[in-house]
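Here's the structure we're looking at; comments come further down.
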Amino acid sequence: MTTVAAATAKLLADAGIDRVFGLPGGEVLVLMDELRRAGVDFVLMRHEANAGIAAAVYGKLRGQPGVVLSTLGPGAANLMLPLSSSYLDQEPLLAISAQLPDDFPSSHTHQLLPLHDAYRPVTKYVGKVTADSVDEVVPRALAACMERPLGAAYLTLSAREALKPSGAASPAITVLKSSAAKDAETHRRGDPRQKAVELAGLLGKAKRPLVLIGLGIDPANAKRIRQWLNDWDLPVAVTPKVKGIVDETTSNFVGVVSGMAADEVMCDALKAADLLIGFGLDPVEVDKTWHAELPIHWILEAPNVGGLVPHGTELVDHAQFLDALLAHQPPSTWRAPFGVFQERRRAKLNDRSGAAGVMWPGDIISALAGVLPPETIVTTDVGSHKYLFGQYWPSRQPETFWMSNGLSGMAYGLSAAIGAKLARPDAPVLAAVGDGGFSMNAQELETAERVGAPFVTVVLEDASYSLIKLSQEGKKLEPYRVDFGPIDTVKMAEACGVEGLRTVNPDELARAAGRAVEQQRSLVIGIPVSYADYRRLF
Ligand SMILES: Cc1ncc(C[n+]2csc(CCOP(=O)(O)OP(=O)(O)O)c2C)c(N)n1
């Protein structure tokens, strides 16, 4: 007899899922055991939210859904953050939690939450795994995560149902499709060759074109995109979540748009352009409204987050479109039309006159970029340090930069680093976090050690929620409740079994990070910074 739990585990294993991340409760032990028997490892973490983030990054890097497993009630409630993150950051995530059995007395409310109702708005598919439905809902949930825009699905399985023989009766399933998924089926698609001719015509007339690459591109097209931009010598900017799709050390790279450091410079550059090409651009990453105010020539192959497609835009296959473009000669030449903005952007990072802190934030970037190889995967939390790394980390290769930017949730970096390192064991991984975010989930350093996922963490210590402190200043409010006392980063690391050090010296920082990467071991480096220095960068 195959139980529902065994059938679920087999469906996941057959779909290529080799790891499930999570934190158990009694109600999911049978499924966990079946996963073990099916050869699917369980990555035990210390908070469901962290497990979900790690799973989503792991999944996206492997081109399949990440899977997170939690118990019912409180464990399931902790899934709101990763499901929301998956939804707004286009990271494929299947969450499975327990739920009370349907045939419990209706007066039994202990740990009972309306989980399907809670998660339906942020997922593309919600389903109940039962003896009748398991063969259908598990594959559908997996598929929904991978339909573009990539996103989340949520399944419940009660401990009682898990033990029943699977496939006992005829299927009676409720398929709950979000409007986003329905929209995806209804959008018009254009002819790639015709669209290429149209864009070449527009570019032929443009003096200052700027290609804006965003979350809606498939990294599999990186080579084509690079070739097109290189052959035509086109100025290009990216959003943080696709950093590395182009080599940011090349001369036609203008910068990172969507509210990172030097945003004023980038917004000026956008306004100076006479043709903005939104290549897979998803406004979900943009914290201002220029995406709706400036004219943008959209080249999208799938709807954006929320199922949104700008009015009148036909979707087009990016690979075919790029191939068609590459068959054309460049319709014009553009001589560094954004040179002045590129210079302003660089100058901000390098101007350390009047620096208030012991280490200028720009020196952190230079020290680490000088020693870490181009394949290094960088993850960040959310805060001032994210603006710094988002704009100035010189990404070289696709899929090497991970940040929560659609949701913009703190405490993403460490969990993302675990998922990234497990997915790409050979790539060095660097997590750059603030001391606020670090104190939300530093305990996952122990997880990283235990599961064999070593990486370097730099903690930018300013004893404040500095981005919020700067915002308070900007609104001319009294300084109020945005500072906290220091927690010793080094001791936190050591308490989790990881070596820690604190440095105010860029050379020592570079040496220590380089050595840890070489020796493939975890290291946490605390770097004292001043929040006031960020003011000068933004
Ligand atoms: C979960 C969550 N809570 C609150 C916020 C609002 N927020 C954005 S940045 C930030 C400060 C982060 O502080 P820290 O991690 O120390 O980074 P820093 O800004 O100092 O670089 C806060 C509170 C958020 N984005 N996510």
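Remember, it's 1-based here, ligands and their atoms both numbered in the order they're listed. Throughout, residue positions are numbered sequentially from 1 according to the sequence presented. This is a predicted model, so every value here is computed, not measured.
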Nearest heavy atoms of Lys241 and Glu91, plus distance in Å: NZ-OE2, 2.9 Å
So, regarding [X] and ligand 1 (criterion: nitrogen or oxygen to nitrogen or oxygen, under 3.5 Å), is there a contact or not?
{"X": "Ser466", "answer": "yes"}
{"X": "Gly409", "answer": "no"}
{"X": "Gly437", "answer": "yes"}

Identity and distance of the protein heavy atom lying nearest atom 12 (C) of ligand 1: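 Going by distance alone, atom 12 (C) of ligand 1 is nearest to Val382 O, 3.4 Å.
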Atom 13 (O) of ligand 1 - nearest protein heavy atom and its distance: Tyr465 CD2, 3.4 Å
Proximity of Phe389 and Phe401 rings by center, below 6.0 Å: no
Ring center gap for Tyr58 and Phe21 short of 6.0 angstrom: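 Judged by ring-centre distance (under 6.0 Å), Tyr58 and Phe21 do meet the cut-off.
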Ligand 1 contact by Asp381, heavy-atom criterion under 4.0 angstrom: no
Ligand 1 contact by Ile468, heavy-atom criterion under 4.0 angstrom: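 Yes, that is the case, since the closest heavy atom of the residue is under 4.0 Å from the ligand.
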[X]: numbered ligand 1 atoms lying under 4.0 Å from its heavy atoms:
{"X": "Asp435", "value": "16 (O)"}
{"X": "Ser464", "value": "16 (O), 20 (O)"}
{"X": "Ser384", "value": "18 (P), 19 (O), 21 (O)"}
{"X": "Asp462", "value": "20 (O)"}
{"X": "Gly436", "value": "14 (P), 15 (O), 16 (O)"}
{"X": "Ser408", "value": "24 (C), 25 (N), 26 (N)"}

Pairing of Arg535 and Glu473 as salt bridge, 4.0 angstrom limit: yes
Check ion pair Glu399-Lys60 (N to O, under 4.0 angstrom):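 Between Lys60 and Glu399 there is no salt bridge, as every charged N stays at least 4.0 Å from the carboxylate O atoms.
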Selection from His385, Met410, Glu461, Met440 by shortest heavy-atom distance to atom 5 (C) of ligand 1: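 Shortest heavy-atom distance from atom 5 (C) of ligand 1: Met410.
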Check: [Y] and [X] side chains under 4.5 Å, non-hydrogen atoms:
{"X": "Val57", "Y": "Tyr412", "result": "yes"}
{"X": "Gln99", "Y": "Leu112", "result": "yes"}
{"X": "Pro361", "Y": "Tyr534", "result": "yes"}

Face-on cation placement of Lys469 at Tyr531 ring, 6.0 Å and 45° thresholds: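 Geometry flag: set, cation within 6.0 Å and 45°.
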